[in-house]
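What follows is one structure encoded as structure tokens, with my remarks underneath.
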Amino acid sequence: MENHRSGKSSTVQQMEGDRNYLLSSHKDMEKSGTSSVSSASFNFINSIIGSGIIGLPYSLSQAGLPMGLLLLILVAFITDYSIILLIRGGNLSGTHSYQSLVQSTFGQIGYLIVSALQFLYPFIAMISYNIITGDTLTKVFMRIQGAFICHHNSFMIYGSLQEPTLSSWSFVTHISVGSAVLVSAVFAAAGYATFTGYTQGDIFENYCRNDNLATFGRFCYGISIITTYPLECFVTREVVANVFFKGELSNTMHVIITLVIVSATTVISLSYDCLGIVLELNGVLSAIPLMFIFPAACFLKLSDGRWFRGENLIPSIILVAGVCVMIIGLIMMVLFPQDCSHGAEMFYCSVSNTSVPSTTSPNSVLQLINATQNSVF
């Protein structure tokens, strides 16, 4: 009985310690946060749900509806846990950014590696806004978790909270990730249910060019990209400023670096008709290390206790799983390169133009084709 009481008391003290530690760490920041839990959650959801969502229906077509949704939920749980773990690691080390956390834990080498990854992810994301394709179960996993990579914004949003306690941050994370996975699951399932086995890596590729509603959807998607593009550019420029200019940029250098980043991503995007490997490359080389490996590794290095025991069990599993997935993903990218049919109109579009009235939707044409094939067999 006494052991039970002492264990309960220890748990309560640990919870209070986490709360006080987060608050005291926040007080050391230069500016106090002004965001409420609701506004912080909204900003976090906006950073989680990105352009990669238009590739999720294809993930379900490759993995299957049950397995695809299961992977989506699994990645959401891992992301949720990893985000909280990242902030806990930051408070254990007394740091307030991803780069400084890794630097305090693994030194200058770790700082350079994570800086390169944080530069690579938004830089490639700025390119991948144009085209998203992929294949195989492991690459499906890469595509799904790529849609949830948001760790480079975690410290920023956490620091904006009025009361950055462990409970409030956990609540923001749960609400944000839960809302994002719900929206993603609905979007992915609806896209897959519409086009089934014909689903393309970019869901817009499934719609015919004379589909006015799809054209309006592309327009809205373009507006969304325009509003998200500056955020990715900001992260990329911030990494460059921290690594090469100690975080301080003059107005002239600010403009020059921004122009270089935007120009480089634009030239690369315009130089290739299809970038089928972009999302998988970003997932393997950037998203997995940033989401799986570094948060878990930093927490394990900073916390007491041995690996695979107590509260270090789950971070240890995430770390090992992240290394395995990254290695397997790199191997599959080399062994199974992707073909690209970007820009080619789907076969049922020509069928709808010649065989059925123009008012018939692609979904109706697909149903007609599937019914014909079933009757033949």
Side-chain angles (χ1 to χ4, degrees), residues 21-22 25-31 33 40 43-44 47-48 50 79 81-126 145-146 148-161 164 169 173 230-250 253-254 257-258 260-261 264-265 281-303 315 318-319 322-323 326:
Y21 197 73
L22 287 170
S25 177
H26 178 71
K27 289 178 181 179
D28 294 334
M29 292 183 177
E30 295 180 359
K31 296 182 179 179
N43 290 331
F44 214 9
S47 68
I48 294 174
T79 301
Y81 185 87
S82 182
I83 291 172
I84 297 175
L85 200 67
L86 183 68
I87 298 301
R88 290 183 63 187
N91 282 278
L92 286 173
S93 62
T95 56
H96 308 297
S97 70
Y98 204 138
Q99 292 169 285
S100 57
L101 167 62
V102 177
Q103 184 179 22
S104 66
T105 308
F106 296 105
Q108 191 66 21
I109 295 179
Y111 173 78
L112 293 176
I113 292 176
V114 79
S115 296
L117 295 177
Q118 284 194 301
F119 174 86
L120 186 63
Y121 177 77
F123 185 84
I124 297 181
M126 294 167 71
Q145 62 84 33
F148 280 92
I149 181 65
C150 53
H151 290 63
H152 57 276
N153 292 328
S154 298
F155 281 98
M156 184 188 307
I157 297 175
Y158 162 67
S160 69
L161 285 173
W169 175 247
T173 303
L231 177 62
E232 303 293 351
C233 183
F234 168 79
V235 176
T236 308
R237 186 181 61 234
E238 191 74 8
V239 172
V240 174
N242 290 336
V243 174
F244 298 103
F245 301 95
K246 298 181 179 180
E248 298 181 0
L249 290 177
S250 63
M253 291 304 301
H254 180 96
I257 292 177
T258 301
V260 170
I261 293 172
T265 54
L281 181 66
N282 215 15
V284 171
L285 297 182
S286 297
I288 288 179
L290 290 174
M291 186 177 76
F292 285 92
I293 299 175
F294 278 106
C298 289
F299 182 81
L300 290 172
K301 184 89 177 336
L302 294 170
S303 64
I318 293 177
L319 176 60
V323 174
M326 184 176 68

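Applying the side chain to side chain contact (heavy atoms under 4.5 Å, CB included) criterion to Glu248, with sequence neighbours excluded, gives no partner residue. Checked against side-chain hydrogen bond (donor to acceptor under 3.5 Å, both in side chains), Asn242 has the following partners two or more places apart in sequence or in another chain: Gln99.
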(request) Given side-chain contact (heavy atoms from CB on, under 4.5 Å), test Asn91 with Trp169 step by step and report yes or no. (result) CA-CA 13 Å; Asn91 282 278; Trp169 175 247; over 6 Å; no
(message) Using the rule given for side-chain contact (heavy atoms from CB on, under 4.5 Å), can you reason through Ser104 versus Tyr111, listing the C-alpha separation, both sets of side-chain angles and the distance that settles it, and then say yes or no?
(response) CA-CA 8 Å; Ser104 66; Tyr111 173 78; over 6 Å; no
(request) Might you work through the side-chain contact (heavy atoms from CB on, under 4.5 Å) test for Leu101 and Leu302, ending with a clear yes or no? (result) CA-CA 10 Å; Leu101 167 62; Leu302 294 170; 3.9 Å; yes
(request) Go through Ile83 and Phe44 one step at a time and tell me if the side-chain contact (heavy atoms from CB on, under 4.5 Å) criterion holds. (result) CA-CA 11 Å; Ile83 291 172; Phe44 214 9; 3.7 Å; yes
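The two atoms that bring Phe155 and Thr95 nearest to each other are CE2-O, 4.0 Å, heavy atoms only. The two residues Gly90 and Ser93 come nearest to each other via the heavy atoms O-OG, 3.2 Å. Between Gly110 and Val102 the shortest heavy-atom distance is O-CG1, 3.2 Å. For the pair Leu161 and Pro164, the tightest heavy-atom approach, listed with the atom from each and the gap, is O-CD, 3.8 Å.
Taken to the nearest 0.5 Å, the OG1 atom of Thr173 stands 11.0 Å off from the OH atom of Tyr158. Atom CD of residue Gln103 and atom CD1 of residue Ile109 lie 12.0 Å apart, to the nearest 0.5 angstrom.
A distance-only check finds no donor-acceptor pair linking the side chain of Ser82 to the backbone of Thr79 [under 3.5 Å].
Contact check for Arg237 versus Leu249: side-chain heavy atoms found under the 4.5 Å cut-off. In this structure, the side chains of Ile257 and Phe245 come closer than 4.5 Å at one or more pairs of heavy atoms.
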Output a table of donor-acceptor pairs, distance under 3.5 Å, between side-chain atoms of residues 289-300 and any protein atom two or more places apart or on a different chain; print 'none' if there are none.
none

